[in-house]
Amino acid sequence: MITTQRLFLRRAQMEDLEDLHAVFSNNDAMRYWDSLPFEDVSQTEQLLRGMVAASPTESDDFVVEYQGQVIGKAGCWRLGEVGFILHPKYWGQGLAFEALSAVIPHAFETLPMSRIEADVDPRNVASLTLLAKLGFRETGRAKRTIRVGDEWCDSVYLELQRLDQKPSDG
Ligand SMILES: CC(C)(COP(=O)(O)OP(=O)(O)OC[C@H]1O[C@@H](n2cnc3c(N)ncnc32)[C@H](O)[C@@H]1OP(=O)(O)O)[C@@H](O)C(=O)NCCC(=O)NCCS
């Protein structure tokens, strides 16, 4: 677990279901996710079961606790790939930046990887700006990479190299 100035970042537990469902069922939070907002709590339960069961050798993922409540999640949900989501009620206060500034060094220390990648919808300005602020650089773009509901979405690919790694080391 990790503590920051305002946040407590810890492994997910099944007791987090209700709080996490409030996030994953929220239309604004899910606007650029890779699935539609979860209508049924069983969908969040499935995601949460995956988080709880994830191997610590392949995943370094956290629920984000703020003022005693789980407000989202952040971390490397699988080897080399970052993911993050917070409930919109808590946006715009620097909380995602605070969480990821702690989570990313932890993931590099914990997992065998030389870089972390992100795949972001080009319209997701908040996430692109957040990742740029964390030092991620764009590596490419692709059209129609994922279909969410009736809508085809594009991707911006970004990566962050481990600090002690030269770009050519891959
Ligand atoms: C992306 C997300 C986690 C940002 O959370 P947040 O706590 O509001 O972000 P922060 O307050 O830490 O912002 C960090 C930086 O991102 C940028 N940013 C955040 N929201 C922004 C917005 N709506 N528009 C433009 N820039 C934004 C700002 O530059 C900010 O830095 P600054 O405060 O120095 O200006 C949040 O919007 C979210 O949960 N989105 C939905 C989930 C999602 O799309 N996840 C990514 C899927 S790939």
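Just so you know, ligand 1 is whichever comes first in the structure, and atom 1 is the first atom listed for that ligand.
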May I ask whether Asp119 has any heavy atom positioned less than 4.0 angstrom from an atom of ligand 1?
yes
Which protein heavy atom lies closest to [atom], and at what distance to 0.1 Å?
{"atom": "atom 44 (O) of ligand 1", "answer": "Asn124 ND2, 2.8 Å"}
{"atom": "atom 41 (C) of ligand 1", "answer": "Ala29 O, 3.2 Å"}
{"atom": "atom 11 (O) of ligand 1", "answer": "Gly94 N, 2.7 Å"}
{"atom": "atom 1 (C) of ligand 1", "answer": "Ser127 OG, 3.3 Å"}
{"atom": "atom 39 (O) of ligand 1", "answer": "Leu86 N, 2.9 Å"}
{"atom": "atom 31 (O) of ligand 1", "answer": "Lys133 NZ, 3.2 Å"}

Please examine the side chains of Phe97 and Lys133, heavy atoms only from C-beta on, and report whether any two atoms are closer than 4.5 Å.
yes
Non-hydrogen side-chain atoms of Val64 and Leu95 separated by less than 4.5 Å
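No; the side chains remain at least 4.5 Å from each other.
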Check ligand 1 against [X] and write out every atom of the ligand that is under 4.0 Å from a heavy-atom position of the residue.
{"X": "Gln93", "answer": "11 (O)"}
{"X": "Ala96", "answer": "3 (C), 4 (C), 5 (O), 6 (P), 7 (O), 9 (O), 12 (O)"}
{"X": "Leu130", "answer": "14 (C), 16 (O)"}
{"X": "Gly92", "answer": "6 (P), 8 (O), 11 (O)"}

Does any N/O atom on [X] come nearer than 3.5 Å to any N/O atom on ligand 1?
{"X": "Trp33", "value": "no"}
{"X": "Val125", "value": "no"}
{"X": "Phe84", "value": "yes"}
{"X": "Glu98", "value": "no"}

Going by the angle between their ring planes, with limits at 30° and 60°, are Phe38 and Phe24 parallel, tilted or perpendicular?
parallel
Checking contacts now, so for atom 35 (O) of ligand 1, which I'm interested in, is there any protein heavy atom under 4.0 Å?
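It does not; no protein heavy atom is within 4.0 Å.
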Any side-chain donor paired with an acceptor under 3.5 Å for Asp61 and Ser59?
no
Looking only at side chains, do Gln161 and Glu159 share a donor and an acceptor under 3.5 Å apart?
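Yes, because at least one side-chain N or O of Gln161 sits under 3.5 Å from a partner of the opposite role on Glu159.
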NE2 (His21) and CG (Asn26) are apart, to the nearest 0.5 Å, by 10.5 Å
Salt bridge or not for [X] and [Y], using N-O below 4.0 Å?
{"X": "Asp60", "Y": "Arg11", "result": "yes"}
{"X": "Arg147", "Y": "Glu151", "result": "no"}
{"X": "Glu65", "Y": "Arg10", "result": "yes"}

Among Ala74, Ala126, Ala118, Ser101, which one puts a heavy atom closest to atom 27 (C) of ligand 1?
Ala126
Evaluate salt bridge (charged side-chain N to carboxylate O under 4.0 Å, His left out) for Arg6 paired with Glu98, printing each intermediate quantity in order.
CA-CA 8 Å; Arg6 293 176 290 175; Glu98 185 171 321; 2.7 Å; yes
Is there a salt bridge (charged side-chain N to carboxylate O under 4.0 Å, His left out) between Arg141 and Asp119 once you walk through the steps?
CA-CA 9 Å; Arg141 286 181 183 236; Asp119 176 345; over 6 Å; no
